[in-house]
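Note sheet for the following structure.
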Amino acid sequence: MQRILIINGPNLNLLGRREPEVYGTASMQTCLDSLRARYAGKADIAYIQSNHEGDIIDAIQQAWTEGKADGIVLNAGAYTHTSLAIADAIASVALPVVEVHISNVWSRETIRHKSLISGVCRGVIAGFGLGSYSLAVEALITDN
Ligand code: DQA
């Protein structure tokens with residue numbers, strides 16, 4: 001059984017209500033319910049959301065230092081494009097981290113084309129709506 005921690009960054013607490021034309025109308029709770037049903041017996045899925053950069057860094061560190069997870073699915077939201085500190089946290093832990101985006105960031109404004117975290121992540125999945133989370137969980141389960 002793989003222990004997977006999903007971390008969502010800023011403004012992703014508003015999924016389902018926030019810019020539905022970009023992020024859809026389903027809530028993260030709906031997504032988590034279906035992930036947990038789909039991967040029952042294969043993955044134990046924990047979830048954290050924070051609007052604060054330091055909380056995200058703490059969650060990444062503790063997943064490793066406290067042995068809480070075998071892999072991380074991270075949607076860092078806008079911190080993806082700005083946070084060297086989150087990139088450093090990912091590089092600091094010996095855990096695979098899959099970078100996830102709901103939208104296809106490369107089809108959007110130029111400022112979203114640059115990710116400071118991709119280079120230290122195991123891989124990147126973007127553009128499949130909330131299905132991006134499922135693909136990332138699948139990637140962690142099948143990747144060895
Ligand atoms: C996002 C894309 C980011 O550019 C944006 O700041 C977000 C969400 C996505 O999931 O598509 O908050 O990470």
Side-chain angles (χ1 to χ4, degrees), residues 2-40 42-66 68-143:
Q2 284 228 30
R3 296 162 310 152
I4 293 173
L5 174 62
I6 299 177
I7 303 174
N8 268 352
N11 303 306
L12 293 165
N13 52 314
L14 296 180
L15 276 180
R17 299 169 66 194
R18 168 196 186 195
E19 299 174 86
E21 67 288 359
V22 179
Y23 300 111
T25 52
S27 70
M28 193 61 199
Q29 191 54 55
T30 307
C31 175
L32 286 169
D33 289 346
S34 85
L35 281 178
R36 286 174 177 141
R38 182 167 180 180
Y39 292 103
K42 282 190 179 172
D44 189 9
I45 297 171
Y47 176 66
I48 293 173
Q49 187 278 329
S50 178
N51 292 326
H52 306 282
E53 190 174 17
D55 288 347
I56 296 166
I57 293 165
D58 287 345
I60 293 167
Q61 288 188 5
Q62 286 163 14
W64 183 55
T65 59
E66 297 178 15
K68 288 180 173 172
D70 303 308
I72 295 173
V73 172
L74 173 63
N75 186 344
Y79 285 137
T80 303
H81 317 296
T82 63
S83 181
L84 188 57
I86 291 178
D88 283 349
I90 296 166
S92 300
V93 302
L95 287 177
V97 178
V98 179
E99 175 183 348
V100 156
H101 301 286
I102 298 162
S103 63
N104 179 348
V105 284
W106 297 281
S107 70
R108 301 181 63 193
E109 311 96 294
T110 323
I111 199 165
R112 297 184 203 275
H113 298 183
K114 172 85 182 159
S115 167
L116 295 190
I117 67 172
S118 299
V120 288
C121 284
R122 178 68 186 83
V124 182
I125 295 169
F128 294 94
L130 292 180
S132 293
Y133 291 93
S134 176
L135 292 168
V137 168
E138 189 74 37
L140 283 173
I141 288 172
T142 53
D143 185 49

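Both counts, for ligands and for their atoms, begin at 1 and track the order of listing. Heavy-atom basis, side chains included; hydrogens, waters and symmetry copies ignored.
When side chains are defined from C-beta on, L74 counts as touching I56, because their heavy atoms get closer than 4.5 Å.
Of all protein heavy atoms, the one closest to atom 1 (C) of ligand 1 is H101 ND1, 3.7 Å. Atom 5 (C) of ligand 1 has as its closest protein heavy atom R112 NH1, 3.3 Å. Counting protein heavy atoms only, atom 11 (O) of ligand 1 is closest to S103 OG, 2.6 Å. If you check which protein heavy atom lies closest to atom 8 (C) of ligand 1, you get Y23 OH, 3.4 Å. Ranking protein heavy atoms by distance to atom 9 (C) of ligand 1, first place goes to I102 N, 3.3 Å.
Residues L140 and Q2 share a closest heavy-atom pair of O-NE2, 3.0 Å. Pairing each heavy atom of T25 with each of P20, the nearest pair is CG2-CB, 4.0 Å.
Residue I6 holds its CD1 atom at 11.0 Å from CD1 of I48, rounded to the nearest 0.5 Å. Here the straight-line distance linking atom CD1 of I57 with atom OG of S83 works out to 5.0 Å at 0.5 Å rounding.
Near H81, meaning under 4.0 Å from one of its heavy atoms, ligand 1 places the atoms 3 (C), 4 (O). Within ligand 1, counting atoms from 1 as listed, the ones closer than 4.0 Å to a heavy atom of R18 are 7 (C), 12 (O). Every atom of ligand 1 with a heavy atom of N75 under 4.0 Å away is listed here by number and element: 1 (C), 9 (C), 10 (O), 13 (O).
In this structure, E19 has no heavy atom closer than 4.0 Å to ligand 1. Remark: distances from the non-hydrogen atoms of V105 to ligand 1 include one below 4.0 Å.
Judged by distance alone, the side chains of E99 and S115 do bring a donor and an acceptor atom under 3.5 Å apart.
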